[in-house]
Amino acid sequence: MRGLKPVLEGRTIQSVSLRRDGLRFPFPADFAGRLSGQRIGNLTRRAKYILASLGSGDCLLVHLGMTGRFTVLPAQSEARNLGEFYFETGTEQGEGAHDHVVLTLDDGARVVYTDPRRFGIMDLFPEAEAGTHKLLSGIGIEPLGNELNADYLAEKFRGKAAPLKAALLDQKLIAGLGNIYVSEVLHRSGLSPKRKSGSLVHRKTHDPRLELLVRNIRDVLNEAIVAGGSTLQDFAHTDGAEGSFQQRFRVYDREGQPCAQCGAPILRLVQSGRSTFYCRHCQK
DNA sequence: AAAAGCCCCTGGACGC
DNA sequence: TGCGTCCAGGGGCTTT
């Protein structure tokens, strides 16, 4: 997103090459035609969606899914810096088996969308309908904004039977908290992923650990952003650089390793179909 | 209405 | 080296 913004904003899409009919869902009707020739305005983000407003009044929506990534190939004059890549792979970027969409901009740069598992999403809709878009309406608050506070969580958790892990992962409550970060947040907060979320809310007041939870959500996300995200296998920035937050994981993907706080082995369990990592001793 | 399961898809790691 | 199994960061959709 940060790498994409300066590349795309203010540019005009010269041409669009689609290598298949869609990703997770089929591309919208006349997708290439409605993108071509459009000037790109503001690039914004909502939850895990990238949104680009176009001169036509349409809005381009992109979700990277699990393995989606954008790579920017600068205009020809700078392209020689990437020569080493061509040599190593023997495949020109944009021509790979999983390069599904290539945008060519008016300055000659090419923006390649690559996504092996094709869990990503691209859609195009009138910007005025953003509020009612099926994928955008119902999305919860941003975790780094002022709306997230203990009172908000208390209101959402009250009477809720779902375990904390599921509640924090629920994008309808908080938008943009992923599986890795939920495990990390809960460990830092000393809260068991299995605990019923409603158990932190009492009749008139709420458990002070909700304040801690809020602080840790912010901390973990901010630290991950500073570290450039978590690169496990194929996450990367538009220039191919990898994130490094994975080096700071305290529990995620550390099953059997000693908890940094107490030395007990980190445990793994599956909740709503996804792995959770935690310390039975430190998290209650 | 909320919660759990299924599924989309490819590739990497691991055991034999 | 090859083959089968399991697992993966997301989340919509269907079922209970």
Taking the same atom, [atom1], in [N] and in [M], what whole-Å distance lies between them?
N      : M      : atom1 : result
C:dG12 : B:dG11 : C1'   : 23 Å
C:dG11 : B:dA1  : P     : 23 Å
C:dC6  : B:dC6  : P     : 15 Å

Could you check how far [atom1] of [X] sits from [atom2] of [N], rounded to whole Å?
X        : N      : atom1 : atom2 : result
A:Arg248 : C:dG9  : CZ    : P     : 20 Å
A:Ile180 : C:dG9  : CD1   : C1'   : 5 Å
A:Arg274 : C:dC6  : CZ    : P     : 19 Å
A:Lys172 : B:dA2  : NZ    : P     : 8 Å
A:Asp123 : C:dG12 : CG    : C1'   : 14 Å
A:Tyr181 : C:dG9  : OH    : C1'   : 9 Å
A:Ile121 : B:dC8  : CD1   : P     : 16 Å
A:Glu242 : C:dG9  : CD    : P     : 17 Å

*Charged N to carboxylate O under 4.0 angstrom, A:Arg250 versus A:Glu184?*
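No salt bridge links A:Arg250 with A:Glu184.
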*Do NZ/NE/NH1/NH2 and the carboxylate oxygens of A:Arg45 and A:Glu142 come within less than 4.0 Å?*
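Looking at A:Arg45 and A:Glu142, the cut-off is met.
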*Given A:Asp123, which of A:Leu61, A:Asp58, A:Leu23 fulfils the side chain to side chain contact (heavy atoms under 4.5 Å, CB included) condition?*
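Running side chain to side chain contact (heavy atoms under 4.5 Å, CB included) over A:Leu61, A:Asp58, A:Leu23 with A:Asp123 returns exactly one hit, A:Leu61.
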*asked:* Quick check: closest heavy atoms across A:His100 and A:Arg118, and the distance to 0.1 Å?
replied: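 Closest heavy-atom pair between A:His100 and A:Arg118: NE2-CG, 3.5 Å.
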_Shortest non-hydrogen contact between A:Ala154 and A:His206, atoms and distance_ =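 Nearest heavy atoms, A:Ala154 then A:His206: CB-ND1, 3.8 Å.
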*Closer to the 5' end of DNA chain C via nearest nucleotide, is it A:Ser275 or A:Lys134?*
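Of the two residues, A:Ser275 wins.
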Report which part of the nucleic acid [X] touches: base, sugar-phosphate, or nothing (heavy-atom distance under 4.0 Å, all strands).
X        : answer
A:Leu135 : sugar-phosphate
A:Gly273 : nothing
A:Ala166 : nothing

*Do any side-chain nitrogens or oxygens of A:Lys48 fall under 4.0 Å of OP1 or OP2 in C:dG9?*
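No, because none of the side-chain N or O atoms of A:Lys48 sits under 4.0 Å from OP1 or OP2 of C:dG9.
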_Counterpart base for C:dA8, defined by Watson-Crick or G-U wobble contacts under 3.5 Å_ =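 Answer to the pairing question: B:dT10, which forms a Watson-Crick or G-U pair with C:dA8.
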*Tell me which of A:Arg24 and A:His98 sits closer to the 5' end of DNA chain B, going by the nucleotide each one is nearest to.*
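Between the two, 5'-proximity favours A:Arg24.
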*To the side chain of A:Phe119, which of C:dC13, B:dC8, C:dA8 is closest?*
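It is B:dC8.
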_If you only use heavy atoms from C-beta on, which nucleotide in B:dG11, C:dG12, C:dC7 is closest to the side chain of A:Arg268?_
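Closest nucleotide among those given: C:dC7.
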*asked:* Using the rule given for ring-ring contact (aromatic ring centres under 6.0 Å, His included), can you reason through A:Tyr181 versus A:Phe245, listing the C-alpha separation, both sets of side-chain angles and the distance that settles it, and then say yes or no?
replied: CA-CA 10 Å; A:Tyr181 302 116; A:Phe245 189 70; 5.7 Å; yes
*Is any N or O donor-acceptor pair between the side chain of A:Arg117 and the base of C:dG9 shorter than 3.5 Å?*
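Checked by distance alone, the answer is no.
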